[in-house]
Every structure is written in C-alpha cells, then in structure tokens.
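Below is one structure; the comments refer to it alone.
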Amino acid sequence: MIYDIEVGNGPGKMAFNFDGGLYSIGIIPDGIAQGDIAAWYNALSASVAKDYGAPQEKDAACKGLPEPCVRNLWQIKPDTHALVVRAGEQGKERVWLTYTASDMRNPTIRQEAYAAALATVQKHKLVRSAAWNSKGFVPSLLVGVTGQGKKPGAYNGLAQGFCGTLAANGIGGAVVRVLDEDQPTGTWVELGKAECPELPPAGAASATTERLMDIATVAGKDTGAVSKMLGKPTDTEKSKYGQRAYYKLKDGTEVEIVYISGKADWITIHPGSPVPFGPACGQAIGITVPPMFASSSVVRWDGWKTAEAHAAGPHVDYWYIKVKTQ
C-alpha cells in the first residue's frame with residue numbers, strides 16, 4: 001500500500017510515500033509551512049480513508065501526547081490499525097501516521113519490539129521526538145534532539161547506543177539517524193548516524209549469560225545486608241570516601257564496594273568467567289533495561305548516577321556502578 005500526499009505550494013509542497021507493510025512510519029513534516037499542518041493532517045487522513053472508509057474514531061482526544069492533540073483511528077483487523085495524529089502547540093506541531101500490520105514483510109520482527117524500543121528511546125533526556133521510518137526494506141529510527149550548536153557526527157555515539165536499545169528489544173539491521181530539531185523548517189542536519197548490526201537468527205548463540213549477581217540487592221545497602229547477599233568480605237580498608245570492602249563470589253566474581261555514609265555506593269564488579277561484551281551484558285548483574293549508550297568499548301545505562309560496562313576485547317572487563325554519590 002502506497003500513499004502519495006502533496007500539501008502546500010512552492011517550498012511547502014511535500015510528497016509522502018508510505019509503505020505500510022513493514023510496521024510503522026512517523027512523519028515529522030519538515031519542509032511544510034506551519035500553516036499547512038492542518039491541511040497535512042486532513043490530506044493524510046483522507047488518503048487512508050480511501051482504503052478503509054471513515055475512521056472509527058475521528059478527531060478524538062489523545063493520551064500521553066503533547067497538547068493540543070487530535071487523532072483519527074481506523075481499526076482494520078483485530079491486530080491491525082492505522083492512526084493519524086496531529087499534536088503539539090503552535091509552532092511545534094507535528095503530524096504522523098502509524099500503521100501496524102500482522103502481515104509484515106519480515107516475520108522475525110515483532111510489532112511489540114518496535115513499540116517497546118521506540119518508547120525507551122523517547123524517554124532519553126536528550127530526545128525531543130522519535131519515529132520509525134522505512135525506505136524500501138530497511139527500517140530507520142529517526143531521533144530528533146536539541147542540537148545546541150553540535151556539529152554533524154557529534155551524536156554518533158548516541159546513535160550507536162540506540163542500536164543497543166534496539167538489540168535489547170530483538171531488533172537488528174536498522175539505521176539510526178539523530179537529527180537536529182533546532183534547524184529552520186525544511187533543513188535537516190544529521191548529528192549522528194549508526195547502522196545497527198543484524199542480530200543472530202533465532203536459536204543462534206546469544207550474547208547473554210548466566211546472572212552473576214543482582215546489583216539491586218546490594219546497591220544502597222549497609223554492610224550487614226550486603227554480607228547476607230555476597231558473604232563476608234575477604235578484606236576491608238579505609239579510603240578517603242569511606243570503608244572499602246572486597247568480596248569474592250563462588251564463581252570467582254570479585255566485587256569491590258566503597259561504603260559512603262554507611263551505604264554501598266561505588267561498586268566495581270569483575271566477572272569470574274567470560275561474559276560476552278555488548279548491549280545485553282548488564283543482564284549478568286541484574287540490569288535488564290536496554291542501554292542508553294553502547295559502543296565497542298563501553299555500555300551505559302540510565303537510572304543510576306553511573307552505570308557502565310567496560311570491555312576487554314570481546315568480553316566484559318568490569319562493571320562500575322555509582323548509586324548516589326557522583
């Protein structure tokens with residue numbers, strides 16, 4: 001199914017080519033004069049209506065999106081729908097269409113995975129907008145950020161980190177583009193780009209490993225509570241910031257903890273056996289959320305003052321967690 005939409009005149013004219021078979025597409029209508037936003041919303045809705053008739057919900061209220069917001073919804077099948085949305089205050093409005101379908105071209109890609117990955121990316125503190133886009137058979141994740149004068153390439157690492165987010169949700173082979181939303185309408189400045197690697201086929205060896213420990217059971221705990229989880233320390237010493245204690249687990253994993261104000265705050269973990277390095281390596285210490293940054297040498301997670309893994313070749317060298325004190 002292809003939709004070709006033209007809205008506006010002259011510089012504001014824009015064509016949209018939508019292929020709904022891959023999962024979903026979001027549109028940030030750069031190149032369209034702000035006064036044409038309503039026309040874009042109506043034209044896009046009319047094109048979908050040609051295929052599916054009147055929407056079941058027309059100009060309905062939105063939930064969880066920038067206000068003011070309206071949407072048109074078509075329930076095509078129990079597991080298939082089309083949604084056209086117009087949201088945002090004047091001067092910052094956006095229009096997009098999402099089409100979810102059960103007959104996706106790539107049956108190994110799950111709709112839920114795409115939605116979950118997008119939701120995680122949208123929570124990142126630098127992200128202003130995010131949407132899936134497709135050209136041909138390659139899904140692209142378009143991420144809008146506040147550029148703040150950054151130059152092209154400045155956010156390649158951020159884009160690579162989002163590849164880690166996608167991989168943690170079972171998505172490989174996508175392209176991530178980080179775009180500067182501070183630019184004038186119609187101008188695209190790419191601040192970062194990453195071509196995410198394909199994931200191993202189902203049933204192939206996974207980059208995950210058995211859990212060595214659960215960081216949440218010791219982070220912020222006192223010495224007594226930590227000893228119940230890790231055993232008694234093999235050694236202790238005073239440091240500038242507080243007591244430093246060393247633990248060794250049964251599998252050889254070594255844990256070093258600096259207690260600040262009596263609580264486990266700075267935690268370093270050296271695995272006792274090889275743990276494959278990659279976006280999923282946090283699972284070995286109980287970090288199950290997708291990373292917010294990933295490269296060939298470091299992986300970082302949100303939710304802590306500091307939470308990162310460092311590589312030694314193809315394996316994890318150590319994890320470093322700062323719970324409260326930076």
Side-chain angles (χ1 to χ4, degrees), residues 113 116-117 120-121 124 157-174 176 194-221 225-235 244-259 264-323:
T120 300
V121 170
H124 193 281
L158 181 66
Q160 185 63 43
F162 289 143
C163 281
T165 301
L166 301 186
N169 283 278
I171 301 169
V176 178
E195 296 183 0
C196 307
E198 294 285 354
L199 300 183
S206 171
T208 60
T209 187
E210 293 184 5
R211 183 170 295 187
L212 307 178
M213 62 175 290
D214 188 345
I215 188 65
T217 63
V218 300
K221 303 297 193 298
V226 172
S227 292
K228 288 181 180 179
M229 300 304 302
L230 305 183
K232 294 182 178 180
T234 57
D235 194 11
R244 178 182 282 111
Y246 300 88
Y247 303 84
K248 190 166 186 176
L249 309 186
K250 293 180 179 180
D251 65 353
T253 296
E254 296 180 347
V255 182
E256 175 186 324
I257 298 178
V258 176
Y259 290 88
D265 202 327
W266 297 351
I267 305 169
T268 305
I269 305 166
H270 292 270
S273 56
V275 174
F277 185 81
C281 68
Q283 295 179 13
I285 60 169
I287 299 178
T288 58
V289 298
M292 279 304 179
F293 176 85
S295 69
S296 60
S297 59
V298 65
V299 177
R300 297 190 182 99
W301 296 266
D302 276 354
W304 309 78
K305 284 290 185 179
T306 299
E308 54 191 32
H310 293 263
H315 298 108
V316 173
D317 186 9
Y318 65 92
W319 294 272
Y320 186 47
I321 312 293
K322 286 185 175 181
V323 180

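- His315 pairs by the side chain to side chain contact (heavy atoms under 4.5 Å, CB included) definition with Pro274, not counting sequence neighbours.
- At a threshold of 4.5 Å between non-hydrogen side-chain atoms, the residues Trp319 and Val275 count as touching.
- Note that OG1 of Thr234 is 8.0 Å distant from NZ of Lys248, once rounded to the nearest 0.5 Å.
- Atom CZ of Arg211 is separated from atom CG of Asp251 by 13.5 Å, given to the nearest 0.5 angstrom.
- Closest heavy-atom contact between Thr217 and Asp214: OG1-O, 2.6 Å.
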- Query: After noting the C-alpha distance and the side-chain angles of Val176 and Val121, does the key distance pass the side-chain contact (heavy atoms from CB on, under 4.5 Å) rule?
  - Reply: CA-CA 11 Å; Val176 178; Val121 170; over 6 Å; no
- Message: Between His124 and Leu158, is the side-chain contact (heavy atoms from CB on, under 4.5 Å) condition met? List the steps.
- Response: CA-CA 10 Å; His124 193 281; Leu158 181 66; 3.7 Å; yes
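- Across Pro276 and Val316, no two heavy atoms sit closer than the pair O-CG2, 4.1 Å.
- A 6.0 Å sphere centred on NZ of Lys322 holds more than 12 heavy atoms belonging to other residues, nucleotides or ligands.
- Taken from CD1 in Ile321 to CG in Asp265, the straight-line distance is 11.0 Å, to the nearest 0.5 Å.
- Atom NZ of Lys221 is separated from atom CG of Leu230 by 11.0 Å, given to the nearest 0.5 angstrom.
- Looking at every heavy atom in both residues, Ala309 comes nearest to Trp301 through N-CZ3, 3.7 Å.
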- Trace of the side-chain contact (heavy atoms from CB on, under 4.5 Å) decision for Val299 with Phe277: CA-CA 9 Å; Val299 177; Phe277 185 81; 3.6 Å; yes
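- Rounding to the nearest 0.5 angstrom, the gap separating the NE2 atom in His270 from the CG atom in Leu212 is 13.0 Å.
- By the 30° and 60° cut-offs, the orientation of the rings of Tyr318 relative to His310 is parallel.
- Atoms CD1 and CD, on Ile269 and Glu254 in that order, are 12.0 Å from each other to the nearest 0.5 Å.
- Minimum heavy-atom separation, Ala264 to Val226: CB-CG2, 4.2 Å.
- Contact record, Glu256 with Tyr246: OE1-CE2, 3.6 Å, taken as the closest heavy-atom pair.
- When all heavy atoms of Cys196 and Leu166 are compared, the pair lying nearest together is SG-CD1, 4.1 Å.
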